[in-house]
Amino acid sequence: MPELPEVEHAARVLRAAIAGHRIVRVRVLHPALRRALPPSAQRRLTGRVVQDVVRRGKHQVLHLDNGTALVAHFRMTGDWAVGRVDEARERYARAELEVDDGTRVTLADPRALATLTLAADPADVLPVLGPEPDDASLTPASLAASLARRRGAIKPALLDQRVIAGVGNIYAAEALWRARIDPRTPARSLGAARLKRLIAAIRAVLRRAPAGRYQADVAVSRWNVYDREGLTCHRCGGTVKRIVQAGRSTYYCPKCQT
DNA sequence: ATAGGCCTGGAC
DNA sequence: GTCCAGGCCTAT
């Protein structure tokens with residue numbers, strides 16, 4: 001589920017649920033998550049007040065009252081579920097945070113690939129990230145500069161979080177469709193005019209994303225190319241094609257993306 | 001650049 | 001059973 005719009009929503013949900021509250025109990029319910037959040041970190045979390053929750057790329061940073069931070073990343077299937085401590089455990093609950101007013105936030109994650117990391121400083125665990133898509137510093141010139149030394153195609157480059165933070169596989173494909181750019185185009189060959197279109201397209205597809213969590217049934221009707229192999233391009237009547245780039249599916253229309 | 005690994009569920 | 005999955009890391 002989680003690309004930037006969904007993570008943004010999740011961070012808002014989390015902020016509304018626990019910002020300003022003290023963590024009174026931490027549970028880790030899956031061994032894989034236990035690797036990232038050992039008992040010592042669980043103890044250090046307990047008793048802290050969550051001062052704020054901010055999103056950076058697809059990471060969520062929970063700033064705590066002693067200057068440390070809990071960094072969450074949903075990977076493929078993570079999400080928060082907000083409930084009360086007396087309610088039944090969520091399906092796929094991998095970790096739970098209980099705060100001082102009886103609210104319980106559950107990290108629900110079927111594939112258990114999500115990560116929680118407690119850090120003295122969020123900079124210790126956050127990777128180097130490029131500009132946010134809506135940041136004014138993202139310009140055709142800045143994008144050209146960050147693509148200049150790359151060898152590969154534009155689509156995998158868009159998935160590199162150092163280029164632009166928060167663009168995932170679906171929105172990369174959708175943005176390239178909207179900008180009419182072939183995903184196989186060498187990244188460094190794109191000129192200012194196409195980069196300008198690409199930036200506008202990225203912003204547009206992210207803005208038009210559903211506000212809430214990912215829902216496959218809603219999404220299917222929204223995408224122009226993603227998961228539409230063999231179907232008709234809404235724009236030119238061509239046939240949407242699926243290829244694999246850097247191990248990931250890419251969907252595009254060979255007729256109008258050039 | 002690509003392959004494999006992390007995990008599990010769902011579609012076939 | 002097999003293949004696929006919206007992410008990302010490590011090794012080659």
A:Arg104: salt bridge (charged side-chain N to carboxylate O under 4.0 Å, His left out) partners, not counting sequence neighbours: A:Glu96

side-chain hydrogen bond (donor to acceptor under 3.5 Å, both in side chains) partners of residues 36-51 of chain A, not counting sequence neighbours, each pair once: A:Arg48-A:Asp65

Identify all side-chain donor-acceptor contacts of residues 156-163 of chain A below 3.5 Å with residues at least two apart in sequence or on another chain.
| from | atom 1 | to | atom 2 | distance (Å) |
| --- | --- | --- | --- | --- |
| A:Asp160 | OD1 | A:Arg162 | N | 2.9 |
| A:Asp160 | OD1 | A:Arg162 | NE | 3.1 |
| A:Asp160 | OD2 | A:Arg150 | NH1 | 2.9 |
| A:Asp160 | OD2 | A:Arg162 | NE | 3.4 |
| A:Asp160 | OD2 | A:Arg162 | NH2 | 2.9 |
| A:Gln161 | OE1 | A:Gly166 | N | 2.7 |
| A:Gln161 | NE2 | A:Leu159 | O | 3.1 |
| A:Gln161 | NE2 | A:Val167 | O | 3.1 |

Salt bridge (charged side-chain N to carboxylate O under 4.0 Å, His left out) partners for A:Asp101, two or more places apart: none

Pairs touching residues 40-71 of chain A that satisfy ring-ring contact (aromatic ring centres under 6.0 Å, His included), sequence neighbours left out: A:His59-A:His73

Shorter than 3.5 Å, N or O on both sides, protein versus nucleotides 4-6 of chain B: list them out with atom names.
| from | atom 1 | to | atom 2 | distance (Å) |
| --- | --- | --- | --- | --- |
| B:dC6 | O3' | A:Arg35 | NH2 | 3.1 |

Residue pairs, two or more places apart or on separate chains, that pass side-chain hydrogen bond (donor to acceptor under 3.5 Å, both in side chains) and touch residues 106-129 of chain A: A:Thr77-A:Asp109

Pairing annotation in dot-bracket form, given for DNA chain B with Watson-Crick or G-U pairs under 3.5 Å and | for cross-strand partners: ||||||.|||||

Partners passing salt bridge (charged side-chain N to carboxylate O under 4.0 Å, His left out) against A:Arg194 (at least two apart in sequence or in another chain): none

A:Asp52: partners by salt bridge (charged side-chain N to carboxylate O under 4.0 Å, His left out), with sequence neighbours left out: A:Arg15

What's touching nucleotides 10-12 of chain C from the protein side, N or O pairs under 3.5 Å?
none

Residues within residues 151-162 of chain A bordering DNA chain B, heavy-atom distance below 4.0 Å: A:Arg151, A:Gly152

Side-chain N,O (A:His73) to OP1/OP2 (C:dC8) below 4.0 Å: yes

